[in-house]
There are 2 protein chains.
Amino acid sequence: MWRKVALERLRKAGYKITPQRLKLLDVLERIGRSHPSLREVHEAVKEEFPTISFSTLYSNVMVLRDLGLVELLHLGSETRVEVNVSPHVNVISGRRVRDLDDPELVREIERKVGGRVRFVNVVLEDEV
Amino acid sequence: MWRKVALERLRKAGYKITPQRLKLLDVLERIGRSHPSLREVHEAVKEEFPTISFSTLYSNVMVLRDLGLVELLHLGSETRVEVNVSPHVNVISGRRVRDLDDPELVREIERKVGGRVRFVNVVLEDEV
DNA sequence: GAGTAATTAGTAATAATTTCTAATTAGAAA
DNA sequence: TTTCTAATTAGAAATTATTACTAATTACTC
């Protein structure tokens with residue numbers, strides 16, 4: 001579903017459809033909800049397209065971001081890619097991120113902070 | 001207040017009280033609630049102690065973090081220092097961060113995500 | 001006041017992102 | 001289909017921020 005939308009939007013915006021881009025869409029459709037880092041996305045794409053360079057991957061992720069197809073979030077020292085673009089909650093414990101789709105909660109937060117929420121990161125205490 | 005607690009805790013933990021550390025406490029007491037980046041904290045401390053190196057500043061901030069006296073958060077490419085250590089909400093728009101102390105909201109989020117919240121970052125849509 | 005381990009400043013190393021460029025290629029037009 | 005051209009790619013280099021290392025200095029104990 002996301003892949004289809006993404007492809008359509010790339011076309012509409014006049015971007016060329018290269019094999020590198022197609023593989024990137026495949027990979028993000030498959031693992032995007034696990035919030036992979038750029039490096040992890042690169043590794044995953046290399047499985048299917050071993051010669052893709054980091055720089056190509058990087059610039060393509062930026063294209064997707066510019067088109068509003070992915071969200072980037074910064075966790076520790078790394079940039080994570082997120083396919084869920086609707087306002088939602090990321091629950092973060094350590095390196096783990098899980099999505100919580102709770103429009104109710106998002107709406108309440110919007111009411112309290114006064115502004116349109118892009119996303120919410122809830123950082124939990126490390127379990128001991 | 002925070003400064004006093006911090007100094008006490010440094011002493012208790014057996015750390016030496018150096019002029020560099022005292023200036024750092026001064027600065028964080030003063031500007032800590034603006035969530036300065038490490039670089040900004042360094043600049044601010046240099047105003048009062050021009051010879052302090054980034055590396056000294058850095059390791060002292062890490063000491064404060066280890067003692068639970070500051071929280072570090074990663075925003076874009078930079079590390080921000082936060083003096084507010086109780087579970088709370090950071091409202092982020094662009095490079096700006098403001099604190100929202102709303103224990104009610106934090107408690108509700110904790111209930112929904114199931115876990116002890118360290119802090120919550122609410123990232124807002126960029127204003128156009 | 002001396003001794004000692006912690007701290008400091010300066011520098012080097014690392015890690016992740018971002019930029020740059022020559023060669024290649026997707027897609028439009030002939 | 002073939003040609004043309006601007007967009008895209010791979011690889012390398014530059015940048016940026018953080019983290020690690022080390023010799024010299026210093027805060028604190030006795």
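Computed from a predicted structure; not experimentally measured. Numbered from 1 within each chain, the chains take letters A, B, ... in sequence-line order.
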> Between residues 34-42 of chain A and DNA chain C, which residues have a heavy-atom gap below 4.0 Å?
Replying inline: A/Leu38, A/Arg39
> Within less than 4.0 Å of OP1 or OP2 of D/dA10, is there a side-chain N or O belonging to A/Gln20?
Replying inline: yes
>> For a 4.5 angstrom cut-off between non-hydrogen side-chain atoms, does A/Glu78 reach A/Glu40?
In response: no
> According to a strict under-4.0 Å criterion, is B/Ser53 in side-chain N/O contact with OP1 or OP2 of C/dT8?
Replying inline: no
>> I'd like to know if the side chain of B/Arg65 reaches the main chain of B/Leu72, judged simply by a donor and an acceptor atom lying under 3.5 Å from each other, with no hydrogens or angles considered.
In response: no
> For DNA chain D, what residues of residues 54-65 of chain A have any heavy atom nearer than 4.0 Å?
Replying inline: A/Ser55, A/Thr56, A/Asn60
>> With a 3.5 Å distance limit and no angle check, can you tell me whether B/Arg80 reaches the backbone of B/Leu75 through a side-chain donor-acceptor pair?
In response: no
> Between the main-chain N or O of B/Val83 and the side-chain N or O of B/Arg33, is there a donor-acceptor pair closer than 3.5 Å?
Replying inline: no
>> Just to verify, what does B/Ser59 make a side-chain contact (heavy atoms from CB on, under 4.5 Å) with, not counting sequence neighbours?
In response: none
> Just how large is the angle between the end axes of the helix from C/dG1-D/dC30 to C/dA30-D/dT1, five pairs per end, to 10 degrees?
Replying inline: 30°
>> If we ignore hydrogens and angles and just use 3.5 Å, is the side chain of B/Trp2 paired with the main-chain N or O of B/Asn84 as donor and acceptor?
In response: no
> Got a donor-acceptor contact below 3.5 angstrom from the A/Glu29 side chain to the A/Arg3 backbone?
Replying inline: yes
Between the protein and nucleotides 3-5 of chain D, which nitrogen or oxygen pairs are less than 3.5 angstrom apart?
none

> Are B/Leu69 and B/Val63 side-chain neighbours, meaning at least one heavy-atom pair lies under 4.5 Å?
Replying inline: no
> For A/Asn60 and A/Gln20, does a side-chain donor sit closer than 3.5 Å to a side-chain acceptor?
Replying inline: no
>> If the condition is side-chain contact (heavy atoms from CB on, under 4.5 Å), which residues does B/Lys46 pass it with, not counting sequence neighbours?
In response: B/His42, B/Glu43, B/Ile52
> Do B/Val106 and B/Val123 belong to the same hydrophobic cluster, where Ile, Leu, Val, Met, Phe, Trp and Tyr are linked whenever their side-chain heavy atoms lie under 4.5 Å apart, directly or via other members?
Replying inline: no
> Side-chain donor-acceptor pair under 3.5 Å between A/Glu82 and A/His88, yes or no?
Replying inline: yes
> Is there side-chain contact between B/Phe54 and B/Leu38, with at least one heavy-atom pair below 4.5 Å?
Replying inline: yes
